[in-house]
Participant: 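Can you keep this structure in mind? I'll have questions shortly.
Index from 1, following the sequence.
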Amino acid sequence: MHTQSPTLKELRLHGTKSFPFATYKTPFHKKGMMVKHHWHEEIEMIYFSEGNFRLEINMEPFAICSECLYFINPGELHAIVTETMESSEEAIVFSPHILSFESYDPVQVQLIQPIQNGKLLLPRCLLPDHPAFVPIRDTFLDIMHTCGKPYEAFDDLTYQLYAKASLLRMFALFSASKLLIPSEKNYDKRVEEIKKIITYIKEHYKEKIYVRDLAALVNMNEQYFCRFFKRAIGHSPMEYTNEYRIKQSMQLLKETNLQITEICLECGFNHLGNFLKEFRKYANTTPLQYRKYHDTEHT
């Protein structure tokens, strides 16, 4: 379990503050990066039913070509690349704190608290040949089926109770099969440096970002830093920054009535021509066409 600065977090809220639990099903229709490099303090469970993927966890690649379950522990940097045209993955993301009991019984003291404190970790993966795979997978899919509802359901006590009880059942299966692993508290300097850079980009993408400033954050010269970042992420620092800016511009195009020029400036582009060029590069369309498409989709 890594010790993190409070500022180095993914900004996305999974579920609600009172019940941090969410389910996701992500379809993809072309090869390439499916889920960008990110990290969070929640546990993530990912189910791959079919297709070919490359899952990266703490800069270590895992090739996936058949049904399996993978588990992301809090603080781990991860990304998903799809190697096939039509594919999807399903995920459950939750804070281990929702598993807590008020009474300090043996389950709370010996299982729940060590999970919350990072002293017990989930296994990296579970394959179909393991005796616990089928019951854990079936519990996962049952959660996806029952709890894959709009956010309005998060305040429903029955919904929350079902999610919590199902997760506890899954941890009972982990425990019965001795799948939970004592943490070795390893610290990977490279992973922490990449997380520091990604966090800086996400917090400052509206401003002018220079490679020299990013390199200085991790005490590297610019040339070495660019090689280091591209080897870890697969993109140069500025390619990653511009792609993140375009992703934010897409949200503004869908959710606001801001003019294209306003969105351009809001997302850190100083020149409209450069914004339009980068938008077409990553979205394969223009900002105006993108907005029209999503306006039509919701009418």
Side-chain angles (χ1 to χ4, degrees), residues 5-17 20 22 24-30 32-42 77 79-82 93 150-152 154 194-218 222 225-226 229-230 233-299:
S5 162
T7 61
L8 303 182
K9 295 181 183 176
E10 182 191 42
L11 302 178
R12 183 179 192 174
L13 180 64
H14 300 285
T16 64
K17 286 184 178 180
Y24 301 98
K25 185 167 184 177
T26 309
F28 215 67
H29 307 294
K30 63 178 181 178
M33 188 69 72
M34 188 172 181
V35 178
K36 292 290 181 185
H37 287 85
H38 69 289
W39 67 275
H40 40 67
E41 291 185 349
E42 293 83 8
L77 182 71
I80 302 173
V81 179
T82 177
V93 184
Y151 285 152
E152 292 76 32
F154 278 92
I194 289 294
K195 286 161 66 175
K196 188 174 185 179
I197 295 302
I198 288 175
T199 299
Y200 181 89
I201 290 170
K202 289 183 177 181
E203 292 179 348
H204 297 272
Y205 73 92
K206 296 181 181 183
E207 308 161 20
K208 185 68 176 175
I209 293 177
Y210 296 94
V211 172
R212 63 174 180 267
D213 296 328
L214 298 178
L217 286 173
V218 289
E222 290 183 45
F225 167 72
C226 288
F229 190 91
K230 186 161 188 176
I233 302 299
H235 297 285
S236 73
M238 294 319 299
E239 285 173 339
Y240 182 91
T241 300
N242 285 336
E243 191 164 352
Y244 185 77
R245 286 168 168 162
I246 295 301
K247 183 179 177 182
Q248 301 310 304
S249 75
M250 289 174 170
Q251 290 298 114
L252 292 177
L253 286 164
K254 288 191 291 185
E255 298 171 3
T256 74
N257 293 318
L258 289 174
Q259 296 293 318
I260 303 298
T261 50
E262 293 177 290
I263 290 176
C264 164
L265 296 172
E266 179 69 16
C267 293
F269 291 97
N270 294 322
H271 302 287
L272 182 60
N274 187 35
F275 170 63
L276 295 175
K277 177 184 173 184
E278 292 295 325
F279 195 96
R280 182 175 283 280
K281 176 181 174 181
Y282 291 109
N284 202 31
T285 187
T286 67
L288 190 58
Q289 289 169 333
Y290 183 85
R291 172 174 272 170
K292 283 181 179 178
Y293 173 79
H294 285 279
D295 284 346
T296 305
E297 198 177 43
H298 294 94
T299 55

Participant: Walk me through whether Arg245 and Glu278 qualify under side chain to side chain contact (heavy atoms under 4.5 Å, CB included).
Facilitator: CA-CA 9 Å; Arg245 286 168 168 162; Glu278 292 295 325; over 6 Å; no
Participant: Might you point out which heavy atoms bring Ile263 and Ser249 nearest each other, and give the distance in Å?
Facilitator: CG2-CB, 3.7 Å
Participant: Mind checking the CD1-OG1 spacing from Ile194 to Thr199? Nearest 0.5 Å is all I need.
Facilitator: 11.0 Å
Participant: Could you tell me the separation between the NE2 atom of His271 and the CG atom of Leu265, rounded to the nearest 0.5 Å?
Facilitator: 10.0 Å
Participant: Contact between Ser236 and Cys226 at the side-chain level, heavy atoms closer than 4.5 Å - yes or no?
Facilitator: no
Participant: So which atom in Tyr282 and which in Glu239 form the shortest heavy-atom distance, rounded to 0.1 Å?
Facilitator: OH-O, 3.2 Å
Participant: Please report the interatomic distance NE2(His235) to CG(Asn242), rounded to the nearest 0.5 Å.
Facilitator: 11.5 Å
Participant: Using 0.5 Å steps for rounding, measure from the CD1 atom of Ile201 to the CD1 atom of Ile209.
Facilitator: 5.5 Å
Participant: Using the six-membered ring wherever Trp is involved, compare the ring planes of Phe229 and Phe225 and label them parallel, tilted or perpendicular (cut-offs 30° and 60°).
Facilitator: tilted
Participant: How far apart are the C-alpha atoms of Ile198 and Ile233, what are their side-chain angles, what is the distance that settles it, and do they pass the side chain to side chain contact (heavy atoms under 4.5 Å, CB included) test?
Facilitator: CA-CA 10 Å; Ile198 288 175; Ile233 302 299; 4.1 Å; yes
Participant: Could I get the full list of ring pair (Phe, Tyr, Trp, His ring centres under 6.0 Å) partners for Tyr205, not counting sequence neighbours?
Facilitator: Tyr244
Participant: Test of understanding: with side-chain contact (heavy atoms from CB on, under 4.5 Å), list the residues that count as partners of Ala283, not counting sequence neighbours.
Facilitator: Met250, Phe279, Thr285
Participant: Okay, side chain of His40, backbone of Glu42: is any donor-acceptor separation there less than 3.5 Å?
Facilitator: yes
Participant: Output the distance between atom CG (Leu252) and atom CG (Leu258), rounded to the nearest 0.5 Å.
Facilitator: 6.0 Å
Participant: Applying side chain to side chain contact (heavy atoms under 4.5 Å, CB included) to Leu288 and Leu253, what does each step give before you reach the verdict?
Facilitator: CA-CA 8 Å; Leu288 190 58; Leu253 286 164; over 6 Å; no
Participant: With sequence neighbours excluded, what pairs up with Thr286 under the side-chain hydrogen bond (donor to acceptor under 3.5 Å, both in side chains) test?
Facilitator: Gln289
Participant: The criterion is side-chain hydrogen bond (donor to acceptor under 3.5 Å, both in side chains); which residues satisfy it with Gln259, sequence neighbours excluded?
Facilitator: none
Participant: For Tyr240, check side-chain hydrogen bond (donor to acceptor under 3.5 Å, both in side chains) against everything at least two apart and list the hits.
Facilitator: none
Participant: Which pairs with one or both residues in residues 258-277 pass salt bridge (charged side-chain N to carboxylate O under 4.0 Å, His left out), sequence neighbours excluded?
Facilitator: Lys206-Glu266
Participant: Please tell me if the side chains of Ile246 and Cys267 come closer than 4.5 Å, counting only heavy atoms from C-beta onward.
Facilitator: no
Participant: What residues, two or more places apart in sequence or in another chain, satisfy side-chain contact (heavy atoms from CB on, under 4.5 Å) together with Tyr210?
Facilitator: Lys208, Arg212, Asp213
Participant: Between Lys254 (side chain) and His294 (backbone), is there a donor-acceptor pair under 3.5 Å?
Facilitator: no
Participant: Any donor and acceptor pair, going by atom type alone, linking the side chain of His38 with main-chain N or O of Lys36 inside 3.5 Å?
Facilitator: yes
